[in-house]
Amino acid sequence: MLRYLLRRLAYVAPIAVGVTLIVFLLVHIAPGDPISAILPDDASAEMVAEARREYGLDKPLPVQYGIWLWRAAQGELGTSIRSGRTVASELSMAVGNTFILAVAAGLLACVLGVALGLVAGLARDRIGDHLTSLFTLAGVSLPHYWVAILLVIVFAVENPWLPPLGMGPDSSDGWRPDWAHLQHLILPAIATALIPMAVIARTMRASVIEALDQDFVTTLHAKGLLPGRRLWHVLRNALPTTLAVTGLQLGNMLGGSVLVETVFAWPGTGFLLANAIFQRDLPVLQGTMLVLSLFFVVLNLAVDLLQSWADPRIRRA
Amino acid sequence: MTCSTKLRRFATALLLPALMGLASPVVAQGTLRVAMTLADIPLTDGAPDQGTEGVRFSGITLYDGLTNWDLTQAERPAELRAGLATEWAPRPDDPTRWIFKLRQGVRFHDGSVMNADAVIFTFERALNSNHPAYDVSARRQLQAFIPAVKAWSKIDEYTIEIETNGIDSQLPFQMTRLFVVSPAHWEAVGRDWNAYRRNPSGTGPWRMDALVPRQRMELVPNREYWDAARRPRLDRLVLLPIPEVSARTAALLSNRVEWAESPSPDSVPRLRQAGFTISTNAIPHMWPYTVSVLPDSPFHDIRVRQAVNLAIDRDGLVQVLNGLAVPSIGNLTPDHPWFGTPSFRPRFDQAEARRLLAAAGYGPNRRLPLKFIISASGSGQMYPLLMNEYVQENLRQVGIDLELQVFEWEALRGRRRDGAQGASNRGVHALNNSWNSMDPYNGLLRFFGPNELPPNGTNWGNIRDEVLEGLAERVKGEFDPQRQAALLAQIHTRFVDQAYFIWVVHDVGPRALSRRVQGHVHAKSWYVDFSPLFLR
């Protein structure tokens, strides 16, 4: 296991460097000028040149990349061109907010997805399977911003049961696990969980069906194992693929959903990233993308390790 | 105690609160929650970012300029009024040097005194990179709005002198953007502008009580505000950044806010039905096409410019927008003192448009191909896709094939800075960019002449007109307000007669208000005075 871990860690380093390069280039090849984005309409050419100099954007691109990478390696992600706040402070706040949403949505997606997939797989080609498949098909097909707006209309506007936006009641100075704050989490968590839940359910269904078709299940049945014990073995075999997909979906959720966070005015990383793009706030954009990408890399590593724990054959391969 | 005394006391106890309610002025009435279209709270250090909306919420609430805008009436365009300066005038012996007399007895929110030192400090902080308080963010936000300022000096405790770059009568307008900050407070927060932004101190009618970046800013009344008529009546003003229009509508309908900026046209009937007021008034914000008049552009020919102006059904478009715009027939609205008397009047007359196009050599056998660059959304762009497609259909009816090239907002701004003559804009005939027209420079003077060519200015279409340029020079040297207005009217008359823009609509600064919101004056301005508001 240790050798496997070291081998996987060795892969992470070049991937991380590649990520930084892609992040940097992507941000810089996008049309639009970060300096003109923050300067007024009538800013003179001198003002633009001066601002470009102040932010180091007048240097050649490889030099800019080198400086940024060196600072990022030291944990310094720079300062927002727009707000003057450090990227680290912007990010920590946004990541914390998205984490709350992602955990809630992730739990919902995992529990429902695994349960629905299991039911559909066990009830293959029967009514339970068809209904579940229809539901999950809707889940992956419906645009989640549309579902988000629909949820707001039904549960906040037409029936004022839940708040339509924000992270907490008026004057709340931070999220707390009480009912006043939890009720703000319900609608965005449902909207965020919809697609991952459907993807997990469909994967789980396919994995369960594949496992059920294998000879060892017939053998277990012939040996007289109780259904519950047989199910455990089926689950163990269906789990690695589902885990891999769940990990990716969790990574997606932790990246923040631009659309869901915008509809619910949830100030997370999706919201931060979207506004950084619109305002061409390069330090925030680069910092956020870098942190999220590295997070994805680490999450993938964790999923790989989990998979190898669940199925030792992977480790041997 | 006698029975009658007891009765009198009992009656007094019953009646006193009611009598107090009748006799006393309205005080401290409620918390107003406002849904802004912004994605974050504008900077709170007296140099707000995010354009005029930033000034509306973090500028004129917390601070005062040397001059302020009069936002007390809705009938006429907003005019200048005294702010932290009570008098201002150029020196008779040298009109490039202005004397500003400062208001006495004004204190910052931190308790320190506003005086000449504070005003000088405000200039130094934004424009002098050698000063210890120099702040690059303030420079970015301010420099372009106060281009006339060359130098500044203190004359006495309550008098300063400002030197301009050449003779420039526009200085008083520019001073509305110079929000005076407190040097004492800057020292107190450790000479750190980020700390100042977290805990700002201005002289404005509101003080900041709480700030959660990207979530909300809470303001409370400055009870010692120097202008008693503008002391806020609300208990608290909560500003919430909600950039998504459907989220703002939902917030309003579910009573999470009492005020939502810029509702979508689609939501207007629903909001009205639910009892909300849609407040509109023509604000100095035009939504035109800025055309290229370069020799290789069809708009080089005035007949084409006039024809396109005549082909657009502005009333129809306003109807499509559910009334969230008013037709535009110039940079300014016809009731504006600078509107003048143009002989060309953009109207919906497609027969005349066809005749002019035919005279210019276009017709059924030679349709006119045009290419406009537009944005999908963006600051002040209103509802660009819907509106541009409407205009495209109007133009098709008179034999013009309009190609719309859509850009993301910042990408479009990049194309704007390139100017029509820029290589990136080869083959482009017009730019769809809404413009602020609040003062003479923004409304008129920046759109023509060599000094305003991009990237230094916004003469995107390359308009060179000796008549206009001569009038502009005279305006800069004219200090009498009436004579200045007459010159500006001549400029506008010439600009419209030459059809240098294709005018479509003026923005009406729509906002949806709960019926509980009282005392609202929708000034003909980008700005709002929140002081007279109260909740029923």
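In what follows, every chain begins at residue 1, and chains take the letters A, B, ... in the order their sequences are listed.
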Inset, instruction - Tell me, yes or no, whether the heavy-atom count around A:Phe99 atom CZ, taken from other residues, nucleotides or ligands under 6.0 Å, exceeds 12. - result: no
Legend entry - Closest approach of B:Ser254 to A:Ala156 (non-hydrogen atoms, all atoms of both residues): CB-O, 3.5 Å
Legend entry - Interchain contact, B:Arg415 with chain A, by part (heavy-atom threshold 4.5 Å): neither
Inset, instruction - Check the surroundings of atom OH in A:Tyr145: do more than 12 heavy atoms from other residues, nucleotides or ligands lie under 6.0 Å from it? - result: no
Legend entry - Considering all heavy atoms, the nearest B:Arg256-A:Pro169 contact: NH1-CA, 4.3 Å
Legend entry - Region of B:Ala210 that comes under 4.5 Å of a non-hydrogen atom in chain A: neither
Legend entry - Contacting moiety of B:Ser246, where chain A heavy atoms sit under 4.5 Å: side chain
Legend entry - Per-residue contacts, residues 44-53 of chain B versus chain A, heavy atoms under 4.5 Å: B:Asp49, B:Gln50
Legend entry - Stepwise side chain to side chain contact (heavy atoms under 4.5 Å, CB included) check, A:Phe264 with B:Glu244: CA-CA 9 Å; A:Phe264 291 103; B:Glu244 166 58 32; over 6 Å; no
Legend entry - Part of B:Leu240 lying under 4.5 Å from any heavy atom of chain A: neither
Legend entry - Among the listed options B:Ile41, B:Asn194, B:Leu253, the residue most often paired with chain A at heavy-atom distances under 4.5 Å: B:Asn194
Inset, instruction - Mind listing the closest non-hydrogen atom pair of A:Phe271 and B:Ala39 along with its distance? - result: CE2-O, 3.8 Å
Inset, instruction - Count the heavy-atom pairs under 4.5 Å between each of A:Asn275, A:Ile277, A:Ile153, A:Val152 and chain B, then report the option with the highest count. - result: A:Asn275
Inset, instruction - Verify side chain to side chain contact (heavy atoms under 4.5 Å, CB included) between A:Glu50 and B:Arg139, making sure each step is shown before the conclusion. - result: CA-CA 11 Å; A:Glu50 189 185 307; B:Arg139 184 189 193 95; 3.0 Å; yes
Legend entry - Among A:Ala94, A:Ala265, A:Pro267, A:Ala148, residue most engaged with chain B (heavy-atom pairs, under 4.5 Å): A:Pro267
Inset, instruction - Tell me, for A:Pro160 versus chain B, whether the close heavy atoms (under 4.5 Å) come from the side chain, the backbone, both or neither. - result: neither
Legend entry - Flag side-chain contact, heavy atom, 4.5 Å: B:Arg214 against A:Asn97: no
Inset, instruction - Check whether any side-chain heavy atom of A:Met167 sits under 4.5 Å from a side-chain heavy atom of B:Val212, and report yes or no. - result: no
Legend entry - Contacts with chain B made by residues 73-85 of chain A (heavy-atom distance under 4.5 Å), listed by residue number: A:Ile81, A:Arg82, A:Ser83, A:Gly84, A:Arg85
Legend entry - Student check: side-chain heavy atoms of A:Leu165 and B:Ile242 closer than 4.5 Å: yes
Legend entry - B:Arg198 versus chain A, the contacting section by heavy-atom distance below 4.5 Å: neither
Inset, instruction - Against chain A, label B:Arg197 side chain, backbone, both or neither, depending on which of its atoms sit under 4.5 Å from a heavy atom there. - result: side chain
Inset, instruction - With a 4.5 angstrom heavy-atom cut-off, could you sort out which part of B:Pro213 is near chain A: side chain, backbone, both or neither? - result: both
